[in-house]
Amino acid sequence: QVQLVESGGGLVQPGGSLRLSCAASGGIFSINAMGWYRQAPGKQRELVAEVTRGGTTNYADSVKGRFTISRDDAKNTMYLQMNSLKPEETAVYYCYAEIRSRLFAVTRPYWGQGTQVTVSS
(Lines give C-alpha, C1' and ligand atoms only; values in the text may rest on other atoms or scores of the structure.)
Protein backbone atom coordinates (compact mmCIF):
# COMPACT_ATOMS: atom_id res chain seq x y z
CA GLN A 1 0.00 0.00 0.00
CA VAL A 2 1.47 3.31 -1.11
CA GLN A 3 1.59 5.96 1.55
CA LEU A 4 3.15 9.36 2.20
CA VAL A 5 4.34 10.42 5.63
CA GLU A 6 5.27 14.01 6.49
CA SER A 7 7.53 15.11 9.30
CA GLY A 8 9.34 18.21 10.50
CA GLY A 9 6.48 20.47 11.48
CA GLY A 10 6.31 22.30 14.77
CA LEU A 11 6.31 25.67 16.49
CA VAL A 12 8.65 28.36 15.22
CA GLN A 13 8.95 32.09 15.85
CA PRO A 14 8.36 34.62 13.07
CA GLY A 15 11.45 34.81 10.89
CA GLY A 16 12.48 31.29 11.81
CA SER A 17 12.99 28.24 9.63
CA LEU A 18 11.68 24.71 9.33
CA ARG A 19 12.47 21.82 7.04
CA LEU A 20 9.63 19.47 6.15
CA SER A 21 10.14 15.96 4.84
CA CYS A 22 7.81 13.62 2.97
CA ALA A 23 8.70 9.96 2.62
CA ALA A 24 6.87 7.75 0.13
CA SER A 25 6.77 3.98 0.56
CA GLY A 26 4.85 0.87 -0.42
CA GLY A 27 5.49 -0.79 -3.79
CA ILE A 28 6.32 2.30 -5.81
CA PHE A 29 7.06 1.97 -9.52
CA SER A 30 7.57 5.63 -10.21
CA ILE A 31 6.78 9.06 -8.82
CA ASN A 32 5.93 11.86 -11.18
CA ALA A 33 5.05 15.27 -9.80
CA MET A 34 5.32 15.94 -6.07
CA GLY A 35 4.32 18.99 -4.11
CA TRP A 36 3.43 20.68 -0.88
CA TYR A 37 0.05 22.19 -0.07
CA ARG A 38 -1.11 24.01 3.03
CA GLN A 39 -4.45 24.76 4.60
CA ALA A 40 -4.96 27.35 7.31
CA PRO A 41 -8.07 27.48 9.52
CA GLY A 42 -10.99 28.97 7.61
CA LYS A 43 -9.07 29.10 4.34
CA GLN A 44 -8.87 26.97 1.22
CA ARG A 45 -6.04 24.59 0.57
CA GLU A 46 -3.36 26.18 -1.58
CA LEU A 47 -0.35 24.99 -3.52
CA VAL A 48 2.93 26.03 -1.92
CA ALA A 49 5.48 24.40 -4.20
CA GLU A 50 5.83 21.50 -6.59
CA VAL A 51 8.61 19.62 -8.34
CA THR A 52 8.37 17.37 -11.39
CA ARG A 53 10.13 14.08 -12.02
CA GLY A 54 12.66 15.98 -14.10
CA GLY A 55 13.36 18.47 -11.35
CA THR A 56 11.41 21.46 -12.61
CA THR A 57 10.08 23.52 -9.71
CA ASN A 58 7.18 25.89 -9.29
CA TYR A 59 6.37 28.10 -6.30
CA ALA A 60 3.48 30.16 -5.09
CA ASP A 61 4.32 33.84 -5.50
CA SER A 62 4.06 34.40 -1.76
CA VAL A 63 6.92 32.00 -0.96
CA LYS A 64 9.34 32.65 -3.82
CA GLY A 65 12.80 33.41 -2.54
CA ARG A 66 12.08 31.98 0.91
CA PHE A 67 11.06 28.35 0.33
CA THR A 68 12.97 25.64 -1.53
CA ILE A 69 11.49 22.34 -2.68
CA SER A 70 13.67 19.36 -3.52
CA ARG A 71 13.45 15.61 -3.98
CA ASP A 72 15.74 12.63 -3.48
CA ASP A 73 14.49 9.94 -5.83
CA ALA A 74 16.87 7.33 -4.41
CA LYS A 75 15.06 7.69 -1.09
CA ASN A 76 11.59 8.49 -2.48
CA THR A 77 11.66 11.55 -0.29
CA MET A 78 10.75 15.19 -0.85
CA TYR A 79 11.72 18.20 1.23
CA LEU A 80 10.54 21.74 1.78
CA GLN A 81 12.98 24.19 3.31
CA MET A 82 11.04 27.13 4.71
CA ASN A 83 12.90 30.28 5.71
CA SER A 84 11.75 33.64 7.08
CA LEU A 85 8.42 32.20 8.14
CA LYS A 86 5.48 34.52 8.73
CA PRO A 87 2.58 34.12 11.20
CA GLU A 88 0.07 34.01 8.35
CA GLU A 89 1.79 30.86 7.10
CA THR A 90 0.53 28.91 10.09
CA ALA A 91 -1.25 25.92 8.57
CA VAL A 92 -1.33 22.18 8.15
CA TYR A 93 1.13 21.31 5.42
CA TYR A 94 0.33 18.32 3.22
CA CYS A 95 2.55 16.25 0.97
CA TYR A 96 1.13 15.33 -2.44
CA ALA A 97 2.47 12.97 -5.09
CA GLU A 98 1.39 11.39 -8.37
CA ILE A 99 2.51 7.78 -8.01
CA ARG A 100 2.38 4.68 -10.19
CA SER A 101 2.50 1.58 -8.03
CA ARG A 102 4.25 -1.66 -8.95
CA LEU A 103 0.96 -3.51 -8.69
CA PHE A 104 -1.24 -1.33 -10.89
CA ALA A 105 -0.45 0.30 -14.24
CA VAL A 106 -2.07 3.58 -13.28
CA THR A 107 -0.83 6.84 -11.85
CA ARG A 108 -2.92 8.14 -8.97
CA PRO A 109 -2.75 10.99 -6.49
CA TYR A 110 -1.70 10.36 -2.91
CA TRP A 111 -1.79 12.63 0.12
CA GLY A 112 0.06 12.56 3.39
CA GLN A 113 -1.62 12.97 6.76
CA GLY A 114 -0.35 16.52 7.17
CA THR A 115 2.03 18.16 9.60
CA GLN A 116 1.21 21.25 11.65
CA VAL A 117 3.35 24.35 11.23
CA THR A 118 2.71 27.12 13.73
CA VAL A 119 4.49 30.46 13.34
CA SER A 120 3.99 32.48 16.50
CA SER A 121 5.86 34.42 19.14
Side-chain angles (χ1 to χ4, degrees):
Q1 183 77 10
V2 173
Q3 63 177 339
L4 303 175
V5 179
E6 302 103 328
S7 62
L11 175 64
V12 64
Q13 293 188 337
S17 299
L18 284 174
R19 187 186 190 226
L20 306 182
S21 298
C22 172
S25 63
I28 296 170
F29 179 81
S30 64
I31 303 177
N32 294 324
M34 303 183 74
W36 291 94
Y37 290 75
R38 65 188 177 192
Q39 187 165 22
K43 300 182 66 177
Q44 292 187 338
R45 182 181 60 189
E46 65 173 345
L47 174 68
V48 178
E50 60 184 356
V51 57
T52 69
R53 189 178 183 180
T56 301
T57 58
N58 183 48
Y59 298 90
D61 288 340
S62 62
V63 308
K64 287 181 179 177
R66 297 186 297 115
F67 290 12
T68 303
I69 189 171
S70 61
R71 61 191 288 174
D72 184 341
D73 290 332
K75 297 180 179 180
N76 287 331
T77 302
M78 176 181 63
Y79 307 94
L80 183 67
Q81 178 67 45
M82 305 185 293
N83 298 326
S84 301
L85 282 161
K86 305 173 182 179
E88 56 265 39
E89 292 174 319
T90 293
V92 177
Y93 284 69
Y94 295 93
C95 174
Y96 167 86
E98 292 281 350
I99 298 175
R100 181 184 177 185
S101 71
R102 297 176 64 183
L103 189 60
F104 301 104
V106 294
T107 300
R108 294 185 286 188
Y110 291 86
W111 292 90
Q113 82 287 352
T115 185
Q116 177 70 46
V117 172
T118 302
V119 186
S120 176
S121 60

Flag side-chain contact, heavy atom, 4.5 Å: Lys86 against Arg66: yes
Atom of Glu89, atom of Ser62 and distance for their closest heavy-atom approach: OE2-O, 4.4 Å
Ser101 side chain reached by Phe29 side chain, heavy atoms, under 4.5 Å: no
Common cluster, Tyr79/Val117, ILVMFWY with side-chain heavy-atom separation under 4.5 Å: no
Any side-chain heavy-atom pair of Leu47 and Tyr96 under 4.5 Å: no
Whether Gln81 side chain and Arg19 backbone form a donor-acceptor pair below 3.5 Å: no
Common cluster, Phe67/Tyr94, ILVMFWY with side-chain heavy-atom separation under 4.5 Å: no
Approximate separation, where rounding is to 0.5 Å, of Gln3 CD and Ile28 CD1: 9.5 Å
Heavy-atom donor-acceptor pair, Arg71 side chain to Thr52 backbone, under 3.5 Å: yes
Hydrophobic cluster membership, Val119 vs Tyr59, 4.5 Å side-chain cutoff: yes
Exam field: side chain Glu6 to backbone Gln113, donor-acceptor pair closer than 3.5 Å: yes
Minimum heavy-atom distance between Asn83 and Ser17, given as atom pair plus value: OD1-OG, 2.9 Å
Donor-acceptor pair, side chain of Thr77 and main chain of Ala23, under 3.5 angstrom: no
hydrophobic_cluster_shared for Val92 and Val63, side chain cutoff 4.5 Å: no
Sub-4.5 Å side-chain heavy-atom contact between Gln116 and Thr90: yes
Heavy-atom donor-acceptor pair, Gln39 side chain to Ala91 backbone, under 3.5 Å: no
Atom pair CG (Leu103) and CD (Gln1), whose distance is rounded to the nearest 0.5 Å: 10.0 Å
Heavy-atom closest contact (Gly9 atom, Leu20 atom, distance): N-CD2, 3.6 Å
Distance (rounded to the nearest 0.5 Å) between Glu98 CD and Arg108 CZ: 11.0 Å
Gap between atom CG of Leu80 and atom OG1 of Thr68 - 0.5 Å precision: 8.0 Å
Within-4.5 Å side-chain heavy-atom neighbours: Glu46 and Arg38: yes
Residue pair Ile31 / Met78, side-chain heavy-atom distance below 4.5 Å: no
Donor-acceptor contact present, side-chain Tyr37 to main-chain Trp111, <3.5 Å: no
Considering all heavy atoms, the nearest Leu85-Leu18 contact: CD1-N, 4.0 Å
